[in-house]
Amino acid sequence: MAEEKTIMRETHERLRRAGASTVCAVLDMLGVAGTITGLPAIRPGGSFAGPAFTVRAATGPLGTYDPDEFDIARYADQAGAGQVIAIDAGGARVSLAGGIAAMASARRGVAAWVVDGGMRDVDELGEAGIPIHVRHGLAVTGRTRVRIEHVNGPIVIDGVSVEPMDVLVGDASGIARVPAQRLESVAHMADWIAGRDRIAGRLVREGLSFSRAFKEATVEHTALHGPLES
């Protein structure tokens, strides 16, 4: 079991290093829907990859729900180390959590938050120490406006279906959703493309044109690692 967890963490790290743009390109090549847009990072510069701890929230006007139905602890305190809290609130302009919840989860090792809805305390979110991607930064409280329908069930973020333990990969460019059953194949392809791109970047810095750099990088990387295979 410990060895399996180590291998999984290493796979997540490979995806994080490859980056969301490369992983999204791989998903396109495989015909897998997985590109999530419109959820900018509160503070650009961070990156993450980890299994999704999924949350589905219903939302309505002030006074719609009992205050106890907005139970932030169900995700802020229950998501595990290395997981990404992923909240489907249908893009609603209402807060699903704020700075204290983000800080508490970060101290417990949560890797990131991905929220298709809102979060409050934007200045504090930027100090939480982990990547936070959210559709709306706002001061509209979720109390009596939000009911947590379920955790660790299927959700949809930006039209992309996310199942518990699917892997979310994110950085300032966007977010990729990798189905758990495709994890190793996606990581393998992302490794290959990222390796080729590193060579191409070096060749451009040495003075080659974009097109020639990619041609030569493809030849060099293929000679070392074989052709790209899906």
Side-chain angles (χ1 to χ4, degrees), residues 3-54 82-84 86 111-114 116 130-133 156-230:
E3 183 177 356
E4 290 179 1
K5 289 184 178 179
T6 298
I7 293 172
M8 192 65 69
R9 284 195 297 269
E10 291 173 350
T11 303
H12 296 161
E13 178 61 18
R14 289 160 58 197
L15 291 167
R16 189 196 66 79
R17 288 197 305 266
S21 297
T22 296
V23 175
C24 286
V26 169
L27 295 171
D28 282 352
M29 294 168 67
L30 294 173
V32 176
T35 300
I36 295 171
T37 62
L39 276 66
I42 289 291
R43 174 174 286 182
S47 61
F48 65 88
F53 183 96
T54 58
Q83 289 189 307
V84 176
W113 289 62
V114 172
D116 196 357
I130 57 175
I132 295 175
H133 290 246
V156 176
I157 293 182
D158 187 41
V160 175
S161 296
V162 181
E163 297 285 341
M165 303 309 289
D166 284 352
V167 173
L168 297 176
V169 182
D171 53 36
S173 292
I175 301 165
R177 183 274 311 195
V178 181
Q181 66 271 25
R182 306 295 290 271
L183 187 60
E184 182 52 42
S185 61
V186 171
H188 175 75
M189 294 176 68
D191 284 342
W192 196 99
I193 293 173
R196 187 274 314 275
D197 289 356
R198 284 192 292 271
I199 296 172
R202 170 176 56 80
L203 294 175
V204 166
R205 289 190 293 273
E206 292 173 358
L208 270 64
S209 67
F210 175 85
S211 59
R212 184 178 173 189
F214 268 88
K215 288 178 182 177
E216 294 195 10
T218 299
V219 171
E220 180 178 336
H221 197 63
T222 300
L224 291 171
H225 301 284
L228 177 61
E229 297 179 354
S230 60

Taking atom [atom1] of [X] and atom [atom2] of [Y], what is their separation to the nearest 0.5 Å?
| X | Y | atom1 | atom2 | result |
| --- | --- | --- | --- | --- |
| R212 | L203 | CZ | CG | 9.0 Å |
| D191 | T11 | CG | OG1 | 9.0 Å |
| T54 | I157 | OG1 | CD1 | 8.5 Å |
| I132 | L39 | CD1 | CG | 12.0 Å |
| T222 | R196 | OG1 | CZ | 8.5 Å |
| M189 | R182 | CE | CZ | 9.0 Å |

Hits for side-chain contact (heavy atoms from CB on, under 4.5 Å) against R16, two or more places apart or cross-chain, chain-then-number order -> E13, S47, A49
Run the numbers on E184 and R14 for salt bridge (charged side-chain N to carboxylate O under 4.0 Å, His left out), then give the verdict.
-> CA-CA 10 Å; E184 182 52 42; R14 289 160 58 197; 3.4 Å; yes
Sorted by first residue and then second, give each ring pair (Phe, Tyr, Trp, His ring centres under 6.0 Å) pair with at least one member in residues 157-209; sequence neighbours left out.
-> W192-H221
Where at least one partner belongs to residues 21-34, residue pairs that pass side chain to side chain donor-acceptor pair (under 3.5 Å), sequence neighbours excluded | none
Indicate yes or no: at least one non-hydrogen side-chain atom of V178 is less than 4.5 angstrom from one of V26.
-> no
Are any non-hydrogen side-chain atoms of I199 and E216 less than 4.5 angstrom apart?
-> no
Could you report the tightest heavy-atom contact between [X] and [Y], atom names first, then the distance?
| X | Y | result |
| --- | --- | --- |
| S161 | D166 | O-OD2, 4.3 Å |
| L15 | A187 | CD2-CA, 3.7 Å |
| I42 | P44 | O-CD, 4.0 Å |
| A172 | G45 | CB-N, 4.5 Å |
| A111 | I130 | O-CB, 3.7 Å |
| A52 | V162 | CB-CG1, 3.9 Å |

Partners meeting ring pair (Phe, Tyr, Trp, His ring centres under 6.0 Å) with H133 (sequence neighbours left out) = F48
Residues in side chain to side chain donor-acceptor pair (under 3.5 Å) contact with D116, at least two apart in sequence or another chain | R135
Under the side chain to side chain donor-acceptor pair (under 3.5 Å) rule, collect the residues that match up with D171, sequence neighbours excluded.
-> none
Can you tell which of V169, V160, V186 makes a side-chain contact (heavy atoms from CB on, under 4.5 Å) with L27?
-> V186
Hey, is the main chain of A217 close enough, under 3.5 Å, to the side chain of R202 for a donor-acceptor pair?
-> no
Might you work through the side chain to side chain contact (heavy atoms under 4.5 Å, CB included) test for V84 and H12, ending with a clear yes or no?
-> CA-CA 12 Å; V84 176; H12 296 161; over 6 Å; no
